[in-house]
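What follows is a set of notes on a single structure, which appears directly below.
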Amino acid sequence: MKIIIGNACEVLEQMKHCVFLKSALQDTLVFFFMSHSEHLGHWSQGLKSAMQDPKVQVYKDEKAVVIKDKYPKARYHWLILPWDSISSLKSVTREHLGLLEHMHAVGQKMIQQCPAKESLEFRLGYHAIPSMSQLHLHVISQDFDSPALKTKKHWNSFTTEYFLNSEDVIEMVRSKGKVTVNDHASELLKLPLRCHLCKQQLSTIPQLKEHLKKHWTK
DNA sequence: GTTCTAGAAC
DNA sequence: GTTCTAGAAC
């Protein structure tokens, strides 16, 4: 009999990688404390669960997986995630350069296969301060036509410098060996609502949404 | 990250 | 009175 003691994440991690343990599970006593903050079911761990779910995977290869954002902020909004557990850009180093470039290439591949690619612009990038754990590259069309886009925070997270271009991130890792984020990044989310295309300032989200229609081509 | 909702803004 | 935002969520 084998006894594992640890927190939920540690125990589950061991169970996942231990074939012997799986086969002997009936004889194994598993104790763990599940603090709410580290529980795998906590909202901040949602991507780790989602990326493993075949029902939401739209592409996968040996290094990364793509899912559709559960609450898309535009007509097309994908997340590219590495299989390796990487909590955020904070833990990215030069060792990850190849992975970042691969994720970018996968993002471009998603755009290539998009039926509306000729009529829409896309951006690829990372949030300066992500809410969800597990590194994820956003690939988002620039129509921002979505009922899930509801708040100033949503808007500014994709249309201010809070959104870090994937290529800029890669270049920063190449030159500095890490990603540094502007100390005042969180304040960018409070900026007035401004159209990303013509820079007109709007006072409310509904007004912004109405304004965005002016830029639609169809 | 979202939901819910109190009260600010109009 | 209605629309809209922004902070709590144990």
Side-chain angles (χ1 to χ4, degrees), chain A residues 7-9 12 32-58 64-92 103 107 110 122-166 169 179 181-182 184-196 200-214:
Chain A
N7 64 34
C9 293
L12 288 171
F32 56 85
F33 296 103
M34 242 182 321
S35 76
H36 186 63
S37 59
E38 72 186 10
H39 180 37
L40 279 177
H42 189 260
W43 62 264
S44 64
Q45 306 301 312
L47 293 179
K48 285 179 177 292
S49 314
M51 64 183 277
Q52 306 291 342
D53 181 356
K55 292 194 293 294
V56 301
Q57 296 166 342
V58 295
V65 58
V66 182
I67 62 176
K68 289 202 273 188
D69 193 293
K70 188 175 179 182
Y71 300 92
K73 305 304 187 293
R75 292 175 193 168
Y76 298 92
H77 187 181
W78 297 287
L79 303 179
I80 323 294
L81 307 109
W83 287 119
D84 287 351
S85 181
I86 302 174
S87 59
S88 75
L89 285 176
K90 284 182 184 171
S91 53
V92 163
M103 289 167 65
M110 297 310 295
F122 284 84
R123 286 185 74 191
L124 299 84
Y126 299 85
H127 279 156
I129 308 170
S131 299
M132 311 275 281
S133 186
Q134 185 66 354
L135 184 66
H136 53 284
L137 170 64
H138 291 270
V139 179
I140 183 166
S141 58
Q142 297 296 291
D143 48 273
F144 295 110
D145 172 22
S146 165
L149 178 57
K150 297 177 175 177
T151 69
K152 175 178 279 191
K153 177 174 176 174
H154 290 154
W155 180 255
N156 285 333
S157 73
F158 287 101
T159 60
T160 69
E161 289 167 36
Y162 194 91
F163 191 83
L164 310 173
N165 283 316
S166 172
V169 166
V179 180
V181 165
N182 186 314
H184 306 301
S186 64
E187 291 156 39
L188 296 170
L189 299 177
K190 308 261 190 190
L191 288 173
L193 298 170
R194 203 173 273 283
C195 174
H196 62 313
Q200 182 178 334
Q201 191 171 313
L202 288 306
S203 50
T204 68
I205 290 286
Q207 285 174 34
L208 170 65
K209 292 190 164 224
E210 196 58 33
H211 171 86
L212 290 178
K213 293 181 182 175
K214 294 179 183 174

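Labels below follow one simple rule: chain letters A, B, ... track the order of the sequence lines, proteins then strands, and each chain is numbered from 1. In this text, all values refer to a predicted model and were calculated from it rather than measured experimentally.
- Between the CD atom of E210(A) and the C1' atom of dT3(C) there is a distance of 15 Å, rounded to whole Å.
- The phosphate of dT2(B) (OP1 or OP2) has a side-chain N or O of H154(A) nearer than 4.0 angstrom.
- Qualifying ring-ring contact (aromatic ring centres under 6.0 Å, His included) partners for W155(A), counting only residues two or more places apart in sequence or in other chains: F144(A), H196(A).
- Residues L89(A) and L135(A) are in side-chain contact: their nearest non-hydrogen atoms beyond the backbone lie under 4.5 Å apart.
- Using a 4.0 Å heavy-atom criterion, one finds that L47(A) contacts no nucleic acid atom at all.
- Comparing dC4(C), dG1(B), dA6(C) against the side chain of Y71(A) picks out dG1(B) as the nearest.
- Taking atom CG of residue L208(A) and atom P of nucleotide dT5(C), one finds them 10 Å apart after rounding to whole Å.
- Base pairing analysis places dG1(B) opposite nothing; no Watson-Crick or G-U wobble pair with both distances below 3.5 Å involves it.
- Distance from the side chain of P206(A) is smallest to dC4(C) among dG1(B), dC4(C), dG7(C).
- Taking atom CG of residue D69(A) and atom P of nucleotide dT2(B), one finds them 7 Å apart after rounding to whole Å.
- The shortest distance between the side-chain N/O atoms of K150(A) and the OP1/OP2 oxygens of dA6(C) is not below 4.0 Å.
- For the pair K209(A) NZ and dT3(C) C1', the interatomic distance rounds to 15 Å; values are reported in whole Å.
- Protein atom NE2 of H39(A) is 15 Å distant from nucleotide atom C1' of dC10(C), rounded to whole Å.
- Here dA8(C) presents its P atom at 14 Å from CH2 of W43(A), a figure rounded to the nearest Å.
- dG7(C) atom P lies 12 Å from atom CG of L189(A), rounded to whole Å.
- Within 4.0 Å of K70(A), counting heavy atoms only, lies no atom of the nucleic acid at all.
- Nearest heavy-atom pair, W83(A) versus Q134(A), reported as atom, atom and distance to 0.1 Å: O-NE2, 4.3 Å.
- Under the 30°/60° scheme for interplanar angles, the aromatic rings of H127(A) and F163(A) are found to stand perpendicular.
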inquiry  = Pair Y71(A), H154(A) - check ring-ring contact (aromatic ring centres under 6.0 Å, His included), show working.
reply    = CA-CA 11 Å; Y71(A) 300 92; H154(A) 290 154; 8.9 Å; no
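- The side chain of T204(A) lies closest to dT5(C), out of dG1(B), dT5(C), dT3(B).
- Between the NZ atom of K152(A) and the C1' atom of dA8(B) there is a distance of 13 Å, given to the nearest Å.
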